[in-house]
Amino acid sequence: MRITKIVLVLIFSFQSVFSQEKLVNVTLSFEDAKIEEVIQNLESITDYKFFFITDWLGDNTLSGDYKNVSINTVLNDIFKNTPIN
């Protein structure tokens, strides 16, 4: 019984280690682009897929230049002046 508990603890420990978020860095540059275009660009250079309703994003344009930064940095920047987080 004791060995079973030890094995279970080890399994759950390894599961939490392997289920950690994979950090993805991107290099991306855009000028006067709509948020939708930036998201589509992120999808093309990563394995991520984003699902959204176009009306949520509005028609505002933005510019940015990112070199080897986490995808979270880009997403936080493009959504910082929106209700989306």
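Positions are given from 1, in the same order as the sequence printed here.
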Looking at CD1 of Ile84 and CH2 of Trp56, how far apart are the two atoms once the value is rounded to the nearest 0.5 Å?
-> 7.0 Å
Start with the C-alpha gap between Leu42 and Leu75, add the side-chain angles, then the distance that decides, and say whether side chain to side chain contact (heavy atoms under 4.5 Å, CB included) holds.
-> CA-CA 9 Å; Leu42 285 171; Leu75 292 173; 3.8 Å; yes
Could you tell me which non-hydrogen atom of Tyr48 sits nearest to which non-hydrogen atom of Glu43, and how far apart they are?
-> O-CG, 3.5 Å
Which value, rounded to the nearest 0.5 Å, describes the distance between Ile39 atom CD1 and Lys34 atom NZ?
-> 13.0 Å
Side chain to side chain, Val74 and Val69, heavy atoms closer than 4.5 Å | yes
Are Ile45 and Phe51 in one and the same hydrophobic cluster, where Ile, Leu, Val, Met, Phe, Trp and Tyr link if side-chain heavy atoms are under 4.5 Å apart?
-> no
Mark yes when over 12 heavy atoms from residues, nucleotides or ligands other than Asn68 sit less than 6.0 Å from its CG; otherwise mark no.
-> yes
How many angstroms lie between atom CD1 of Ile71 and atom CG of Leu28, to the nearest 0.5 angstrom?
-> 9.0 Å
Can you name the closest pair of heavy atoms from Val38 and Ala33 and give their distance?
-> CG2-CB, 4.0 Å
Spacing of Phe30 atom CZ and Ile78 atom CD1 [to the nearest 0.5 Å] | 6.5 Å
Mark yes or no for whether Asn41, through its side chain, and Glu37, through its backbone, hold a donor-acceptor pair below 3.5 Å.
-> no
Value rounded to 0.5 Å, distance of OH in Tyr66 from CG in Asn25 | 13.5 Å
Roughly how far, to the nearest 0.5 Å, is the CG atom of Asp77 from the CG atom of Asn72?
-> 11.0 Å
